[in-house]
Amino acid sequence: LMLEVADIRPGERIYTPFDNCLQLSIAVEERSGGNAPVFAEFPEASALPWLLRLFYGSASAIKEGDPVLAPSFFSGERTLDRFDTALAVLPFSKKYARFDAGRDPLERFPEATASAGVLALRHILAQTKKRAVAAVANSLLFSSGAERALREHLVDTGKVEAVIGLPSALLAGSSVAFSLLVLKLDAPSETIRFIDGATEDAEGLFFTKDGKGRATLSGWRRMADLYRSGATDRHANQAARSEVRPPEYRLEVSRYCLSEQERAVETYLFSRDTKVLSEIAEIIRPVPPLRQDAGEEGAEALELEVSSLPRYGPAKPAGKRVSLREKDLENDKGRSFLRTGDVVLAVKGRTGRVGIIGTGVSEARTPPWVASQSCLVLRVRNADAVPPEYLYMYLRSDLGKSLMKMLTSGMLVPLIHLRQLSGIPVVIPSAEKKRQALESYLRQSELERSIAEARNEQSRLLDALFSGGD
């Protein structure tokens, strides 16, 4: 797929950094019939690339060395050689310890970072003239910090031509989900093509899985055809550069290739009066508890865990005892202490799970309740305009669940970032809708209590049958 997308032409000079097994280099030679000279670099000290070069009769120019720390191909004393096209599988989780990007003599790295993905891609930009196809960890497409700064540069300068999402467990020895980032470097691209080959409904169409969960990209030709055709469907979309909005510049494919349900959500919201969540509610990140081995005393509190958020009705009582640092509480000014009407939303792990604090809970209670670090607290600003029960029911609805799903990202642990959450649209309720939401909430709470009582009665009946004498 990478070779197909790269569209290598005879006579072009091809650069393959981080090619430890010469897999890409040899594939380029075979595909081009030897008419595209290849220049490979591999950072791991090994005899394997040299043996493979000899075995396959490869004519590739290969160099041992890390392209970021010590690039090998120069056209002058301090000038990197620039190749027509680059193909690379970038390091997914590596960090360059003690590497000062700001002191690079070749001035390749504007971002001060240890992230191998960012530094490797910046190096490729410095050493490539026309086109680059790079397999990148999905975190590069949505993370903040240096990754976001790099995305801003790529989008604003029109270098991103396409992003192709691929299934997890595709590479041997790794279950990491990744994508192909296709960069056009010789002229700006005004649109970005998105292909989603990672969703569950893409199985059988683009990839297959064996009994152990490993994926094979069986439909790569179909993906390449879809990439070239410009067609739009469930798995493909095209967006103008301006649609990849600041400040996040997020490029993960799932934001642009929407399911029918997600498209229906966008259509529904377009025709409604909405405000963003940050206008409706204050979004509070809970004070972190002290670690048990911290060796210092703190103020006692009860932590409300995600498991205490039931499917219906108010949250169960907080029960996990934690200690909070006094200085953190002084800075927090009691904002983290839960109170009646607070909506608690899980944003890590079981993302989208939501609960509401019932009556009788005050920030002045002893010990106070605080939300788990996996959650954020939503405290309604004007309960007359948007009651907390309405916000809770809104987030629990199919509409709310779809919005949460669209926000969720993360390679290993699902995450919802506060910045993205603050911008989700909330439909402003009419007086009738507020009344209906409150009635539904109260009725669901009543039913939940009845169900809990019935379960307790079931347990009592069973215990009574086999307890005591005959």
Shortest non-hydrogen contact between G313 and I356, atoms and distance = O-CG2, 4.3 Å

Flag the pair F42 / F18 as yes when their ring centroid distance falls below 6.0 Å, and as no otherwise.
-> no

Just jot down the side-chain hydrogen bond (donor to acceptor under 3.5 Å, both in side chains) partners of E432, sequence neighbours excluded, or say none.
-> R435, Q436

Y268 six-ring centre to R272 NZ/CZ under 6.0 Å and within 45° of normal | yes

Would you say the side-chain atoms of Y227 and E161 include a donor-acceptor pair closer than 3.5 Å?
-> yes

Shortest non-hydrogen separation from L3 to A27 and the atoms involved | CD1-CB, 3.6 Å

When you measure from the side chain of T16 to the backbone N and O of L87, does any donor-acceptor pair fall under 3.5 Å?
-> no

Quick check: does any side chain N or O of R321 sit under 3.5 Å from a backbone N or O of E300, one acting as donor and the other as acceptor?
-> no

For residues 346-372, pull every pair meeting side-chain hydrogen bond (donor to acceptor under 3.5 Å, both in side chains), keeping only residues two or more places apart or in separate chains.
-> T351-T408

Has the side chain of R339 got a donor or acceptor atom that lies under 3.5 Å from a matching backbone atom of I357?
-> no

Examine distances only and state if a side-chain atom of S308 and a backbone atom of L304 form a donor-acceptor pair shorter than 3.5 Å.
-> no

Which heavy-atom pair separates A236 from R193 by the least distance, and what is that distance?
-> CB-NH2, 3.8 Å

Give a yes or no on whether the ring-centroid distance for F206 and H235 is below 6.0 angstrom.
-> yes

Just by distance, do the side chain of S440 and the backbone of A437 share a donor-acceptor pair under 3.5 Å?
-> no

May I ask you to decide if L171's main-chain N or O and R214's side chain share a donor-acceptor pair within less than 3.5 Å?
-> yes

